[in-house]
Amino acid sequence: MRTVVTALALALALAVPAAAAPPSQGAPPPGVPPSRTASAPTGSELAQTPPLGWNSWNTFGCDINEKLIRDTADAIVASGMAAAGYEYVNIDDCWAEKERDPVTGTYVAHHERFPSGIKALADYVHAKGLKLGIYTSAGTETCARTMPGSLGHEDLDAQTFADWGVDYLKYDNCNNQGVPAQERYKAMGDALAKTGRPIVYSICEWGENDPWLWGDSVGGDLWRTTGDITDSWSSVMSLLDQQVGLEAYSGPSAWNDPDMLEVGNPGLTQGESRAHMSLWALLNAPLIAGNDVRSMPAWARNQLTDPDVLAVNQDWSGRQGAKLRDDGDSEVWTKRMSDGSVAVVLLNRASAPATIGTTATELGLPRAATGYRVRDLWTDTTAASGGRVRAQVPGHGAVMLRVSAGGTAGLPPMVAVDVTPAQPYVGGSEANTVTVTVHNDGTTAVTRARLALTAPVDWTATATGPTQLGSIAPGRTGTATWRLTADGPDLGPVDLTASASWIWRDRVFAGTAAGRFTVASPAPAGTSYLSDLPWLYAENGWGPVERDRSNGETAAGDGRPLTIAGTVHEKGLGSHAPSRIGYFLDSRCSRFTVTVGIDDEVGNQGRVRFEVWGDGVGLATAEATGAGAGVPLDVAVDGVDVVELRTDPVDGQNYDHADWATPVITCA
Ligand code: GLA
């Protein structure tokens with residue numbers, strides 16, 4: 001909880017001159033309050049830095065008991081998490097009996113699963129040097145509906161928690177009877193304050209009523225900004241996107257909470273998990289582990305406890321990290337650190353590896369004659385940069401760096417290696433050309449650079465020029481290219497692996513890089529219906545894309561004959577907006593004709609924008625409604641390698657059964 005800042009404290013804080021802000025972190029847009037630096041905390045409030053801990057929900061749901069909580073507390077100590085700063089052991093939903101005590105009205109811990117009661121558990125956890133957290137809802141029941149909520153019982157329940165020795169309350173939003181959120185969350189905030197026990201107050205209102213605007217004033221120390229996380233890459237990316245614009249509302253005892261961690265849970269790869277941890281750390285998110293820490297693999301423990309990454313999370317420099325640049329699948333996120341350095345997350349949302357970069361100027365760092373010190377926080381390597389900061393980032397992955405001006409004496413140059421195919425798609429047995437590049441982003445030259453490409457299985461790689469390059473000056477690149485050929489290769493992705501070595505001051509350095517292209521079915525000849533051809537990819541808003549059928553009820557093959565305004569089309573694609581369907585044309589086709597419209601199966605409902613793109617360039621667009629007729633499109637596709645059919649909802653995503661009827665492609 002956070003006390004109201006006095007006028008004097010505010011005046012004093014405002015008198016502090018503002019630090020020179022990097023471009024991304026300048027004045028907030030109109031309507032957004034200034035960063036919380038202005039209202040510096042008094043020091044007596046809880047959660048001065050984002051809380052670190054564990055919570056039972058993400059892995060165990062309702063399958064919890066006191067032994068799990070005790071064993072987890074043991075594991076938090078034994079694994080080194082406690083030493084790294086993880087403090088709170090939080091019990092989520094389902095810890096209580098369905099009925100309150102008939103006499104006192106207090107919560108009763110579940111007799112079978114928590115027979116010793118919560119007080120005994122708190123004592124156990126405290127004896128380990130840790131703190132205990134508990135959960136309930138600002139409603140009549142909790143979300144799992146296995147136990148009562150606290151609505152109307154706030155004072156009694158807060159006092160019960162305090163008497164038990166609870167240190168943290170997560171207060172959920174289910175079954176709230178339509179009582180305004182601020183009223184419900186203030187009632188509990190006041191009740192917690194009345195107990196006199198310091199209890200961190202975690203508002204779990206899912207961001208529905210902009211809790212960042214009022215959470216602090218009702219006593220909250222952190223507030224969920226979104227719905228629930230799941231252990232999937234799409235969930236992590238979608239929650240991330242919802243943090244944009246909330247930066248200004250975060251600060252000591254007042255943290256934006258994009259939900260608990262899924263680090264180490266099965267739905268994320270190690271690389272995805274690393275990206276998730278990097279981003280949550282940079283956002284000053286509360287880091288509440290949600291995995292089974294009793295049995296976690298070493299990699300998950302290392303990700304959770306990395307001291308450099310945790311240091312970024314725990315540093316309050318005036319504003320949480322924010323997105324600096326968005327280039328589609330490549331993004332740059334930064335956070336200014338209190339020592340003047342900048343923490344950087346290079347995020348690759350695509351599935352193939354990508355080289356992502358920024359510059360010291362873009363990061364807002366001062367000019368430094370001796371260059372910039374760049375530390376990779378996950379690999380623990382440090383290098384000197386002349387100003388460019390670039391790295392290869394694995395697909396669905398992130399690189400996390402900390403960049404400071406100066407301090408480069410004795411550091412090797414920062415060097416990035418990447419490998420890029422000339423064509424992202426080739427048809428059948430077509431050849432491709434692959435370039436390996438060594439970027440010397442340092443301040444001194446490297447010598448004897450050697451580049452190598454490992455030929456993918458079934459492919460032959462022939463270098464088209466020298467692969468031993470000699471010296472590469474600072475700020476320059478060295479490249480070598482290979483021609484790749486194959487006889488009847490398998491369709492699908494071809495993974496490329498390249499390596500490079502170089503010498504700097506008699507020391508040998510090496511780097512590797514990965515890349516990818518895809519072998520597609522050869523482009524069609526003559527005139528064909530797209531629904532008879534294999535697509536490169538097909539993403540659909542609801543259920544699968546159907547061939548020669550409408551989107552139907554969403555299971556594969558359950559569509560109806562494609563029908564737009566009473567006209568039945570024998571051939572075509574039945575999609576649901578938003579959708580993306582790609583076809584490989586290999587520059588061999590000239591014309592695409594189609595009729596787009598909303599299928600009659602949704603009546604007069606639905607409104608969709610249809611677009612045809614060629615190699616990333618928009619070629620044609622049309623809007624259709626359920627009430628309207630089909631719209632014919634006639635699109636020139638000369639020279640296009642990949643044509644993409646896109647649909648997007650115009651006014652909400654319901655009933656958007658989008659038909660590409662009679663889609664004819666004409667090729668040589
Ligand atoms: C809600 C919360 C989750 C979890 C569950 C428990 O969905 O947002 O974090 O606490 O309830 O039922």
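Every number for a ligand or one of its atoms is a count from 1 in the order of the listing.
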Novice: Under 4.0 Å between a Lys/Arg side-chain N and an Asp/Glu carboxylate O for Asp259 and Arg224?
Specialist: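 Result for this pair is yes, salt bridge flagged.
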
Novice: Is the centre of the Trp95 ring less than 6.0 Å from the centre of the Trp164 ring?
Specialist: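 That pair passes the under 6.0 Å test.
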
Novice: Do Asn265 and Thr59 have side-chain atoms, one donor and one acceptor, less than 3.5 Å apart?
Specialist: yes

Novice: How would you list, by chain and number, the residues with a heavy atom under 4.0 angstrom from ligand 1?
Specialist: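 Residues within 4.0 Å of ligand 1: Trp57, Asp92, Asp93, Tyr135, Cys143, Ala144, Lys170, Asp172, Cys204, Trp206, Arg224, Asp228.
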
Novice: Would you mind listing every salt bridge (Lys or Arg N to Asp or Glu O under 4.0 Å) that reaches into residues 110-120, with sequence neighbours excluded?
Specialist: Lys119-Asp123

Novice: Tell me every residue that passes salt bridge (Lys or Arg N to Asp or Glu O under 4.0 Å) with Glu66, counting only those two or more places apart in sequence or in another chain.
Specialist: Arg70

Novice: Sequence neighbours excluded, which residues qualify as ring pair (Phe, Tyr, Trp, His ring centres under 6.0 Å) partners of Trp255?
Specialist: Trp316

